[in-house]
Amino acid sequence: MVPRSPSDVPTRAKPSAPARQTVQVGDRRLQISNLEKILYPQTGFTKGQMLDYYARVAPALLPHLAGRPLTRKRYPNGVGAQSFFEKNAPRGTPDWVRTVTLPVPGSTKNRETIDFVIVEELATLIWAANLASIELHVPQWKVDRSGEALDADLLVLDLDPGPPASVVECCEVALLLRDALSEDGIVAYPKTSGSKGLQLYAPLRPTPSDDTRAYARSLALRLEKERPDLVVSEMTKALRPGKVLIDWSQNVAAKTTVAPYSLRARPEPTVSTPVTWDEVSNCAAVEDLKFVADDVLRRIDDMGDLLADLVELPTGRRARLPRVG
């Protein structure tokens with residue numbers, strides 16, 4: 001079991017903290033550094049506080065990362081500075097960090113394969129966070145113990161508002177999608193993106209990603225036809241002002257979505273946060289569904305993991321997608 005708040009991980013940056021420290025996390029030893037570095041200039045949120053958050057949220061977060069190749073968005077000099085996505089395990093990755101080698105057809109870096117990191121224990125999470133990996137992104141499929149890619153076990157619908165639309169309009173679309181999914185026998189679970197939008201997930205029986213993509217696209221087209229004043233299914237920017245994009249393409253096997261409980265690189269340390277359908281229904285302002293790190297830890301204490309079914313629901317109780325076309 002992962003400890004709730006590991007005493008062996010320094011939790012707050014201290015004035016006297018050395019630049020680099022060796023810590024024991026479970027049976028792993030790793031170095032952490034620059035705890036005093038401010039990653040969120042607007043609020044003064046430091047790297048030490050980020051490590052503290054990820055250590056404390058780990059019991060809820062780790063099950064959503066387990067088995068999923070991780071893409072890290074790193075911000076070495078904080079959220080206001082240059083960032084980069086990293087898929088390949090970096091040089092110096094400890095030998096105890098699990099990696100899997102997967103093909104990447106069409107890679108922009110002329111690679112045939114990538115050595116992906118798989119986060120399945122607290123030490124690996126802290127190691128990744130120490131590299132200023134503020135954002136954690138994962139696909140809707142897992143690998144098995146031998147490292148072979150499996151079919152998708154999640155459907156995701158990413159709702160992205162085009163200004164002046166906001167998360168309020170996303171909530172309106174989410175309720176429409178919830179009803180449409182329910183008609184197909186699919187139960188949806190909402191979470192904030194931690195940025196501007198909302199995301200809906202549904203646990204599936206193993207399903208080829210091409211099928212989840214086709215089904216998600218059919219839903220987006222259906223809602224666009226029913227509510228052309230509110231919904232758009234294409235990313236073309238000219239179509240999006242004042243409407244909500246239902247981004248069905250997040251179900252493509254090569255794509256990733258921000259993980260539940262991941263921090264986001266916004267002016268404040270906001271988090272991609274599971275929410276209740278009552279909260280979605282009652283959302284009247286952006287602030288109603290805006291949660292920062294401390295808010296999320298309190299919510300977990302009060303409500304547990306609202307997305308637990310995404311990882312705990314047995315195969316026989318997961319949805320089977322209807323055929324499209």
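Numbering of residues begins at 1 and proceeds along the displayed sequence.
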When you measure from the side chain of E148 to the backbone N and O of L150, does any donor-acceptor pair fall under 3.5 Å?
no
Evaluation steps, side chain to side chain contact (heavy atoms under 4.5 Å, CB included), between L175 and S281:
CA-CA 7 Å; L175 293 168; S281 298; 3.6 Å; yes
Worked verdict on E121 versus R28 for salt bridge (charged side-chain N to carboxylate O under 4.0 Å, His left out)
CA-CA 10 Å; E121 60 174 313; R28 312 294 191 191; 3.1 Å; yes
Under 3.5 Å: donor-acceptor pair, side chain of D158, backbone of I246
no
Is the terminal nitrogen or CZ of R68 (NZ for Lys, CZ for Arg) located under 6.0 angstrom from the six-membered ring centre of W141 and within 45° of that ring's axis?
no
Using side chain to side chain donor-acceptor pair (under 3.5 Å), reason through T43 and E268 one step at a time and then give a plain yes or no.
CA-CA 6 Å; T43 63; E268 299 176 76; over 6 Å; no
To the nearest 0.5 Å, atom NZ of K243 lies from atom CZ of R240 at 12.0 Å
Give the cluster check for L51 versus L30: same hydrophobic cluster or not, with ILVMFWY residues linked at side-chain heavy-atom distances below 4.5 Å.
yes
Atom of A129, atom of M50 and distance for their closest heavy-atom approach
O-CE, 2.9 Å
Got a donor-acceptor contact below 3.5 angstrom from the N34 side chain to the K37 backbone?
no
Shortest non-hydrogen contact from A259 toward V138
CB-CG2, 4.1 Å
If the plane angle is over 60° it's perpendicular, under 30° parallel, otherwise tilted; pick one for H64 and Y261.
tilted
To the nearest 0.5 angstrom, please state how far the CG atom of L157 sits from the CG atom of L155.
5.0 Å
Mind running side chain to side chain donor-acceptor pair (under 3.5 Å) on D278 and T276 for me, showing each step along the way?
CA-CA 5 Å; D278 282 344; T276 67; 5.3 Å; no
Closest heavy-atom pair, F84 versus P76, reported as atoms and distance to 0.1 Å, is CE2-CG, 3.9 Å
Do T273 side-chain atoms and V271 backbone N/O form a donor-acceptor pair below 3.5 Å?
yes
Check this for me: does any side-chain nitrogen of one of E169 and R227 sit under 4.0 Å from a carboxylate oxygen of the other?
no
Option from K191, K255, Q140 for which side-chain contact (heavy atoms from CB on, under 4.5 Å) with V156 holds:
Q140
Would a hydrophobic clustering, with Ile, Leu, Val, Met, Phe, Trp and Tyr connected at side-chain separations under 4.5 Å, put V286 with V292?
no
Assess whether a salt bridge exists between E36 and K47, defined as any Lys/Arg side-chain N lying under 4.0 Å from an Asp/Glu carboxylate O.
no
In this structure, CD1 of I126 is separated from CG of L131 (nearest 0.5 Å) by 11.5 Å
Do the side-chain N and O atoms of S193 and Q199 include a donor-acceptor pair separated by under 3.5 angstrom?
no
Closest non-hydrogen atoms of A89 and T99, given as atom of the first, atom of the second and distance, are CB-CG2, 4.0 Å
Checking the side chain of S182 only, and the main-chain atoms of D179 only, is there a donor and an acceptor separated by less than 3.5 Å?
no
Judged by atom type as modelled, is there a donor-acceptor pair below 3.5 Å linking the side chain of D184 to the main-chain atoms of I186?
no
Assess whether side chain to side chain contact (heavy atoms under 4.5 Å, CB included) is satisfied between L177 and L159, documenting all intermediate values.
CA-CA 10 Å; L177 283 169; L159 309 183; 3.6 Å; yes
Side-chain donor or acceptor of D211 paired with backbone N/O of T207 under 3.5 Å:
no
What I want to find out is whether R298 reaches D301 closely enough, with some N-O distance under 4.0 Å, to be called a salt bridge.
no
Are S249 and D247 close enough that a side-chain donor and a side-chain acceptor fall under 3.5 Å?
yes
Linked, directly or transitively: F45 and V57 (ILVMFWY side chains, under 4.5 Å)
yes
Quick one, F116 and V143 - any side-chain contact, counting heavy atoms below 4.5 Å?
no
So, does R318 use its side chain to make a donor-acceptor pair with the main chain of L313 at under 3.5 Å?
yes
Answer yes or no: is there an ion pair linking R72 with E135, defined by an N-O contact shorter than 4.0 Å?
no
Measuring from atom OG1 of T93 to atom CZ of R98, what distance do you get when rounded to the nearest 0.5 angstrom?
14.5 Å
Donor-acceptor pair between Y53 and D294 side chains, under 3.5 angstrom:
no
Taking every non-hydrogen atom, the tightest pair across Y75 and A81
CD2-O, 4.3 Å
Criterion salt bridge (charged side-chain N to carboxylate O under 4.0 Å, His left out) on R222 and E183, from CA distance to verdict
CA-CA 13 Å; R222 171 182 162 186; E183 291 173 8; 3.0 Å; yes
Within the distance-only criterion (no hydrogens, no angle test), does the side chain of Q31 pair as donor or acceptor with the backbone N or O of T22 below 3.5 angstrom?
no
CA sep, side-chain torsions, deciding dist, call: L200, Y189, side chain to side chain contact (heavy atoms under 4.5 Å, CB included):
CA-CA 5 Å; L200 302 187; Y189 299 78; over 6 Å; no
Assess whether salt bridge (charged side-chain N to carboxylate O under 4.0 Å, His left out) is satisfied between R299 and E279, documenting all intermediate values.
CA-CA 13 Å; R299 286 172 65 85; E279 288 176 307; 2.8 Å; yes
Does one hydrophobic cluster hold both L230 and L221, with members joined at side-chain heavy-atom distances below 4.5 Å?
no
Look at the side-chain heavy atoms of Ile, Leu, Val, Met, Phe, Trp and Tyr, link any pair under 4.5 Å apart, and say whether L176 and V280 land in one connected group.
yes
Can you check side chain to side chain contact (heavy atoms under 4.5 Å, CB included) on W127 and V119, steps first, answer last?
CA-CA 10 Å; W127 166 80; V119 177; over 6 Å; no
Under a 4.5 Å cut-off applied to non-hydrogen side-chain atoms, are T124 and V117 in contact?
yes
Going from OH on Y54 to CG on L62, what distance comes out if it is rounded to the nearest 0.5 angstrom?
11.5 Å
Please say whether more than 12 non-hydrogen atoms of neighbouring residues, nucleotides or ligands are located less than 6.0 Å from CZ in R205.
yes
Shortest non-hydrogen contact from G197 to V167?
O-CG2, 3.9 Å
Supply the atom-to-atom distance D115 CG to K87 NZ, rounded to the nearest 0.5 angstrom.
13.5 Å
Quick one: does any side-chain atom of S272 pair with a main-chain N or O of T192 as donor and acceptor, under 3.5 Å?
yes
